[in-house]
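Data first, discussion second: the structure below is written as structure tokens.
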Amino acid sequence: MANLKPPLPRALRPKPKGPSEDNGKAKPGRKEKLAQKGISTIDWIDERTALSGGARWVMFRKIPRGTNWFYTLGSASLFAFLSQAVTGVILAMYYDPSATRAYESVRYLTNEVFLGEFVRGMHKWGSTVMVILVFLHMGRTFFYGAYKYPRELNWVIGVVLLILTLFMSFTGYLLPFDQRSFWATTVGVAINGTGPLVGPYLNDFLRAGPEFGVTTLARFYALHMLVLPGAMAAMIGAHLYLVARLGTTAPPWLKADIPADSRKDGT
Amino acid sequence: MNTREKEAYLREYSILKSQGKPFFPYSIAKDAIMACVVMASIILMSLTLGAELGPKVDPTTTTYTPRPEWYFFFLFEVLRVVKPPSLTPLAAIGVPTICMILLFLLPFYDRSPERRPERRPIAMAAAFFTIAAMAFLTYEGANAGSPNQIDMEAPEAVVAQGAANLRTWESGKQVVAQSGCLACHKIGHNGGTLGPDLTAIGGRLARQAIARTLVNPTAPMPAYTELDEKKRDDLVEFLAQLKGGEH
Ligand code: HEM
């Protein structure tokens with residue numbers, strides 16, 4: 001409560017006692033001072049945001065016994081997503097989403113820019129790695145029965161993430177605007193168009209018109225750069241919130257050996 | 001799962017959880033190691049496999065074979081295998097849509113409380129079937145020639161005429177393959193059946209007649225007036241040499 005009083009001007013403030021002074025020791029060392037600074041900064045932020053409760057809730061929640069390496073596949077997917085975000089931002093600095101200049105900008109990036117091909121390669125192969133990881137992660141949750149009560153909703157969100165991931169790959173494939181990407185996308189969009197009910201509309205939406213034209217690239221660019229990543233980030237947020245709230249499953253073959261002290265939490 | 005089973009699960013889970021270790025630092029450490037492995041793989045792939053850029057896009061020619069990312073191969077393969085055009089939409093969109101809906105609703109129709117894989121035979125059988133089917137289709141899709149490929153060796157008559165003629169023949173074959181003729185015509189073992197079979201066209205039509213067909217075709221065949229001279233000549237030469245028989 002003392003914190004709520006209006007603060008004194010700095011000069012008038014009494015020197016706060018460091019923890020080491022309480023022990024009757026000599027002046028605090030440089031390290032301790034630094035630690036003290038860090039703590040007070042965190043306190044400052046926490047006083048205004050009350051974040052530490054949530055952070056503690058996430059970081060120090062218990063993970064059931066028996067979790068193994070397969071449980072890292074989800075966070076590996078997340079990491080691949082972040083890697084795509086970072087390399088994607090770098091690519092965006094050079095990319096020009098107009099039908100006449102897109103190819104040239106990618107060629108320039110690949111051949112002229114320092115480490116350009118490397119970053120493009122990371123983004124390209126990162127997408128493959130991410131798709132594989134997401135599928136493996138889905139397999140893990142399937143084989144462990146992790147989609148069952150109470151985690152049904154997280155499975156549904158997961159399927160949305162899978163579809164978004166595949167759509168990211170589909171829209172990104174057009175962007176280099178070489179023959180390969182153009183024709184694969186033309187065929188892909190045409191496949192979409194044969195779909196039931198919404199097919200033709202989806203088709204027109206993707207192409208930005210009845211023909212594969214100049215605006216198609218801009219549309220794919222906007223989807224790939226803004227809409228889909230935004231949706232994915234939001235969905236990943238919800239996904240992780242539910243993971244933290246519900247806890248990750250224990251391996252299905254693990255049985256709890258009921259200890260004597262379990263009675264006190266209501267069993 | 002009924003209420004009793006739900007409560008039993010939550011009770012069991014809370015005990016397992018209370019016996020576990022905190023997320024920080026134990027799980028985080030594993031996740032961090034995994035992140036390093038992921039990063040290393042991506043960097044290694046980028047360094048060894050690079051990022052090639054194909055030729056610049058050219059929408060006016062249909063002379064390019066569409067190839068998707070490899071993880072869409074299975075979809076293309078479904079498309080390739082299903083021949084009748086009336087079934088194509090069903091295969092390309094219908095089947096994936098149904099699979100997606102089944103995937104979405106999984107927790108709602110598989111409601112048994114059992115989680116151990118060995119006690120969920122139906123779920124496991126379905127999963128292995130799905131994985132096997134996707135692996136098979138991906139493999140087939142990766143190995144299948146493109147829908148525009150012509151698997152045909154040069155006939156002996158052409159080989160006998162010397163290297164220059166053989167080059168023309170191969171080049172003509174390429175033009176035919178890339179120009180989308182196979183969408184309607186069958187040549188050897190490849191191609192569709194909308195238009196006449198061209199496997200033995202050389203025995204049926206003279207060079208000029210073939211060339212005329214290209215410029216002034218009967219509907220629904222499109223006119224191929226935009227092909228340049230050399231390509232058209234090679235194409236006509238190739239078709240004129242197709243006498244059938246030996247394939
Ligand atoms: C961008 C894609 C995804 C990311 C970043 C992601 C991230 C995560 C993370 C970090 C976890 C924590 C536990 C673990 O790592 O295994 C998790 C759990 C889970 N994920 Fe995902 N996930 C993604 C896609 C999916 C997909 C495609 C599915 C299934 C259709 C799915 C279903 C689940 C389920 C059911 C859990 C709970 C697992 C448990 O409690 O044991 N996720 N996810």
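Residue numbers start from 1 in every chain, and the chains themselves are labelled A, B, ... in the order their sequence lines are given, proteins ahead of strands.
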Just so I understand: if I count every heavy-atom pair under 4.5 Å between each of [options] and chain A, which residue has the most?
{"options": "B:Gly20, B:Ala127, B:Pro113", "result": "B:Gly20"}
{"options": "B:Lys6, B:Met39, B:Met1", "result": "B:Lys6"}
{"options": "B:Leu44, B:Ile43, B:Leu49", "result": "B:Leu49"}
{"options": "B:Phe72, B:Phe108, B:Tyr26", "result": "B:Phe72"}
{"options": "B:Ile131, B:Leu47, B:Asp110", "result": "B:Asp110"}
{"options": "B:Pro25, B:Ser112, B:Ser41", "result": "B:Ser112"}

For [Y], is there any backbone N or O sitting under 3.5 Å from a side-chain donor or acceptor partner on [X]?
{"X": "A:Thr165", "Y": "A:Leu161", "result": "yes"}
{"X": "A:Arg56", "Y": "A:Gly53", "result": "no"}
{"X": "B:Glu170", "Y": "B:Arg167", "result": "no"}

Under 4.5 Å from a heavy atom of chain B, the part of [X] involved:
{"X": "A:Thr128", "result": "both"}
{"X": "A:Met138", "result": "side chain"}
{"X": "A:Leu82", "result": "neither"}
{"X": "A:Leu246", "result": "backbone"}
{"X": "A:Val106", "result": "both"}
{"X": "A:Ile132", "result": "side chain"}
{"X": "A:Trp155", "result": "side chain"}
{"X": "A:Leu162", "result": "side chain"}

Legend entry - Exceeds 12 heavy-atom contacts within 6.0 angstrom, atom OH of A:Tyr94: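 Result for OH/A:Tyr94: open.
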
Legend entry - More than 12 heavy atoms of other groups within 6.0 Å of B:Tyr109 OH: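 Enclosed: over 12 neighbouring heavy atoms sit under 6.0 Å from OH of B:Tyr109.
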
Inset, instruction - Applying side chain to side chain donor-acceptor pair (under 3.5 Å), run through A:Ser75 and B:Asp31 and close with a yes or a no. - result: CA-CA 6 Å; A:Ser75 72; B:Asp31 288 344; 3.0 Å; yes

Inset, instruction - Apply side chain to side chain contact (heavy atoms under 4.5 Å, CB included) to the pair A:Lys62 and B:Lys21, showing each step before the final yes or no. - result: CA-CA 5 Å; A:Lys62 286 229 175 136; B:Lys21 289 181 172 167; over 6 Å; no

Inset, instruction - Tell me, please, whether B:Phe23 has A:Arg61 positioned over its six-membered ring: NZ or CZ under 6.0 Å from the ring centre and within 45 degrees of its axis? - result: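 Yes - A:Arg61 lies over the ring of B:Phe23, closer than 6.0 Å to its centre and within 45° of its axis.
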
Legend entry - Centroid-centroid distance, A:Phe220 to A:Tyr173, less than 6.0 Å: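 That pair fails the under 6.0 Å test.
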
Inset, instruction - Enumerate by number any residue of residues 142-151 of chain A whose heavy atoms lie under 4.5 Å from heavy atoms of chain B; in the absence of such residues, state 'none'. - result: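 Heavy-atom contacts from residues 142-151 of chain A to chain B are A:Phe142, A:Phe143, A:Tyr144, A:Gly145, A:Tyr147, A:Lys148, A:Tyr149, A:Pro150, A:Arg151.
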
Legend entry - Rounded distance [0.5 Å steps], NE2 in A:His239 versus CG in A:Leu153: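 One gets 10.5 Å once the value is rounded to the nearest 0.5 Å.
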
Inset, instruction - Kindly indicate, with the supporting measurements, whether the criterion side chain to side chain contact (heavy atoms under 4.5 Å, CB included) is fulfilled by B:Val37 and A:Thr72. - result: CA-CA 11 Å; B:Val37 173; A:Thr72 60; over 6 Å; no

Legend entry - Heavy-atom closest pair, residues A:Thr110 and B:Ala51: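 What the structure gives for the nearest pair is CG2-O, 3.7 Å.
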
Inset, instruction - Could you tell me which portion of B:Leu105 (side chain, backbone, both or neither) has an atom closer than 4.5 angstrom to a non-hydrogen atom of chain A? - result: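 Neither; nothing under 4.5 Å.
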
Legend entry - Residue B:Arg111 versus chain A: region with a heavy atom under 4.5 Å: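 Contact with chain A: none, neither part.
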
Legend entry - Side-chain H-bond candidate by donor/acceptor type, B:Thr138 with B:Tyr71, under 3.5 Å: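 Judged by distance alone, the side chains do not pair up.
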
Inset, instruction - Would you mind checking if A:Glu104 and A:Arg107 are paired as a salt bridge, meaning a charged N to carboxylate O distance below 4.0 Å? - result: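 Judged by the 4.0 Å cut-off on N to carboxylate O distance, A:Arg107 and A:Glu104 do form a salt bridge.
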
Inset, instruction - Take the angle between the ring planes of B:Tyr13 and B:Tyr9 and call it parallel below 30°, perpendicular above 60°, tilted in between. - result: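 Taking B:Tyr9 first and then B:Tyr13, their aromatic rings lie parallel (interplane angle under 30°).
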
Legend entry - Max heavy-atom pair count under 4.5 Å with chain B, selected residue of A:Val131, A:Val129, A:Ile163: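 The answer is A:Val131.
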
Legend entry - For chain B, the option from A:Phe79, A:Trp69, A:Tyr103 that forms the most heavy-atom pairs under 4.5 Å: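 Most pairs with chain B among the choices: A:Tyr103.
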
